[in-house]
Number of protein chains: 2
Amino acid sequence: MPEAIDSRQPRKLTMQDVARAAGVSPMTVSNCFRYPERVQEKTRSQVLRVAAELGYVPNLSAGLLAAGSSRVIGAVLPSMRNSSFYRYTAGLREGAAERGHAVITMIAETPEEELAAVQTLLGLRVAGLALVAGPHAPELRRLAGLSSTPVVESWAGEDAIGRGVGYDVGAASSALTRHLIAQGRRRIGFVDVAGGGGMRYSMRLPAFRQEMFAAGLPDDLVMTIRAADGFGAGAQIVDDFLARDRRIDALLCPTDVVAAGAIFECNRRGLAVPVEIAVAGWGDYDIGRQITPTLTTVAPFSDAIGRGAIAVLLDAEERARAAPLRTGFEILPREST
Amino acid sequence: MPEAIDSRQPRKLTMQDVARAAGVSPMTVSNCFRYPERVQEKTRSQVLRVAAELGYVPNLSAGLLAAGSSRVIGAVLPSMRNSSFYRYTAGLREGAAERGHAVITMIAETPEEELAAVQTLLGLRVAGLALVAGPHAPELRRLAGLSSTPVVESWAGEDAIGRGVGYDVGAASSALTRHLIAQGRRRIGFVDVAGGGGMRYSMRLPAFRQEMFAAGLPDDLVMTIRAADGFGAGAQIVDDFLARDRRIDALLCPTDVVAAGAIFECNRRGLAVPVEIAVAGWGDYDIGRQITPTLTTVAPFSDAIGRGAIAVLLDAEERARAAPLRTGFEILPREST
DNA sequence: TTCTAGATTTGTAGCGCTACAATGATTTGT
DNA sequence: ACAAATCATTGTAGCGCTACAAATCTAGAA
């Protein structure tokens, strides 16, 4: 008695199969997906219907190999730990979608992981590669330069890998410092970040110093922390500044999260914000809008950075320009200052 | 005068080029990357050195096409808006790295975007596809079923697409409810989420009701909100519960973020937490550890979910099992209850 | 009806890489 | 010293798709 040989395993579908099922040539199927307008409406809908029925999805790898180009952009993110890159990724997706591209992202928390991610993405032969400024593996720059894949570095300055896209961090730092000075603050403490993501904000401190110096105020109330994540850092800062007995009347934090942590700590200690001490954050996070008092912050137009990155990647003319693409920012004065 | 024709454009490098430069056959270059142990140490290091010098990165698409399999896992995330998926993605990356795979992720905020993302990932012929439970496009399940790519759905229950991986949300909800009851709370308000991500937590409410009923307590103090993001929702909840004049003595929130918002609102109104009202969150976010009072919450072992998802995807035996892969969770009692 | 421009559709020839089998080089056993 | 076994390396064929040119069809124009 012959067993019913029923390979439940759905055999790999190819364009060939769809073509056969729809009664057209493989080339027509290909055209339906890539250049729909080249195919007669009737034929196209028929082919697409059959394809959907079979669950056929074109093999992008084969397509890329044959056509030499894909419609996928690769992005590397330094972390997902906090929400600061949310609007950036949204901008990337919007910009890409408008031009018929998809965005795949890889998360890399160390320079080594980043390098590996870039190799994978380059291996996939993405149409463009969006990096984020930060500490990179030395090898990365060379690799990017040798590759013919367009590269942009977001939040980067003059020495970007590929072309830089981002807002003028120095100008934002100046503006925020001037805002505090204008409010009558005199002893302004500045919190710097060492390591991770540091390069992304390396212009904050010099700009702060310059403004303070220009106003004849002390520019040496500076403290450096290791990581800008978590509320804990904010508490730490307040502790440290008070331990050193520095009577500061304002505090510039590297992120809203740190600033929020600082405010929590001030509340705990009964230090009135903003009366006794003003606190400013950076980045316009959700939390800054919600805590009491609401937090003064710098709002970068991160979605514009994402969209700008895509524009640079997909437009050779844009890419050829040397100067970084500058996006905007805004100082949001709120209750905490 | 003949112009110097100097195509700065680095011509596309192929394995062929590397082979020529290294004085070996293309096949040997291929082996160096794919099966290093098959090649003599001396030859291998020489080839790899030449490749690095030229900036050659193997074309994964071509490799996939030829070999029929890739070492890339695709993951779709519902959002990056908050940090709840951070540990999940970390688990995915760790699990994948251990088995020599890379993870690429796509962010999708609507069922339509999710479907498009799945199509792209399937088009890339990833070795496995990791989904997250939530509202899906109807087409998605069919597509996943027809495809021969392994699929898992994280945070999913019995009716998962592919195999489900996640902790027992119902059990966690029961445990948290019992915790509050044990603390002497009697009128416990429950906040449910409609829409986005709702399915991921659909077992929370029934479990809550059952525990309350079993304890002879009111199980109808339920409120539904649309989105679980942002502190605003927390404030809203407190407003609404008070507006309806329901004297609740405890509040179960869908996420720590919402719970934090609720606590902020309570502070604003002078409602003492936990004396007058206990507040519990869900998800063990950073903020829950930092606010005053610290927040009681449910800590899912999200990295275990990520690692489990990879294990299921890459191990056919695992994949064949029907019951969802269960990961653990923990109730973290803190100051707010 | 015949012819032509235009719209559609269809072969052909690879894209860069790897499975597989076959070759060449080297060592081991006797 | 020679066959056998082991190891390292190399052709060959083809993965699924698309650029391109060639073939076919359609609808007027003459």
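Letters A, B, ... mirror the listed sequences (proteins, then strands); counts begin at 1. Computed from a prediction, not measured in an experiment: that's the story for all the values here.
- Atom CZ in A/R125 sits roughly 20 Å away from atom P in D/dG16 (whole-Å rounding).
- Note on A/E153 versus A/R163: no salt bridge recorded, every NZ/NE/NH1/NH2 to OD/OE distance being 4.0 Å or above.
- Residue contacts for A/F33: at a heavy-atom cut-off of 4.0 Å it reaches no nucleic acid atom on any strand shown.
- Interatomic distance, B/L65 CG to A/L65 CG, rounded to the nearest 0.5 Å: 6.0 Å.
- Rounded to a whole Å, the NZ atom of B/K42 is 14 Å from the C1' atom of D/dT9.
- In this structure, the CG atom of A/L64 is 9 Å from the C1' atom of C/dC15, given to the nearest Å.
- Atom-to-atom, CG of B/L65 to P of C/dG14 comes out at 17 Å; the value is rounded to the nearest Å.
- A/I305 is linked by a side chain to side chain contact (heavy atoms under 4.5 Å, CB included) to A/Y88, A/S154, A/W155, A/V165, A/Y167, A/T327, counting only residues two or more places apart in sequence or in another chain.
- For the contact set between residues 54-62 of chain A and DNA chain C, defined by any heavy atom under 4.0 Å, there are no members.
- Between A/L13 atom CG and D/dG16 atom P the separation is 11 Å, expressed in whole Å.
- For the pair B/E41 and A/Q16, both in contact range of DNA chain D, the more 5′-proximal nearest nucleotide belongs to B/E41.
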Output, in order, the C-alpha distance, side-chain angles, deciding distance and verdict of side-chain contact (heavy atoms from CB on, under 4.5 Å) for A/V76 and A/V118.
-> CA-CA 7 Å; A/V76 182; A/V118 166; 4.2 Å; yes
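- Ion pairing between A/R44 and A/E37 fails under the 4.0 Å rule for side-chain N and carboxylate O.
- Counting non-hydrogen atoms under 4.0 angstrom, A/G63 reaches the backbone sugars and phosphates but no base.
- Residues that satisfy the side chain to side chain contact (heavy atoms under 4.5 Å, CB included) test with A/R319, not counting sequence neighbours, are A/P150, A/V312, A/A316.
- Contacts of B/E112 classified as side chain to side chain contact (heavy atoms under 4.5 Å, CB included), with partners at least two apart in sequence or in another chain: B/T110.
- If you measure from atom CE of B/M15 to atom P of D/dG11, you get 15 Å, rounded to the nearest angstrom.
- In this model, the phosphate group of D/dA19 is approached by a side-chain N or O of A/R34 to a distance below 4.0 Å at OP1 or OP2.
- Distance CD1/B/I73 to OG1/B/T149: 10.0 Å, rounded to 0.5 Å.
- For C/dT18, neither phosphate oxygen OP1 nor OP2 lies less than 4.0 angstrom from any side-chain nitrogen or oxygen of B/Y35.
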Please step through side-chain contact (heavy atoms from CB on, under 4.5 Å) for the pair B/E109 and A/R93, ending with a clear verdict.
-> CA-CA 11 Å; B/E109 301 200 304; A/R93 279 179 290 131; 3.8 Å; yes
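- Checked by atom type and distance alone, the side chain of A/R326 pairs as donor or acceptor with a backbone atom of A/G166 at under 3.5 Å.
- Axis orientation changes by 40° from one end of the helix from C/dT1-D/dA30 to C/dT30-D/dA1 to the other, with each end axis drawn from 5 pairs and the value rounded to 10°.
- Between A/P78 and A/F85, the closest side-chain pair of non-hydrogen atoms falls below 4.5 Å.
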Under 4.0 Å protein heavy-atom contact, by nucleotide of nucleotides 6-12 of chain C - B base, S sugar-phosphate only | --SSBB-
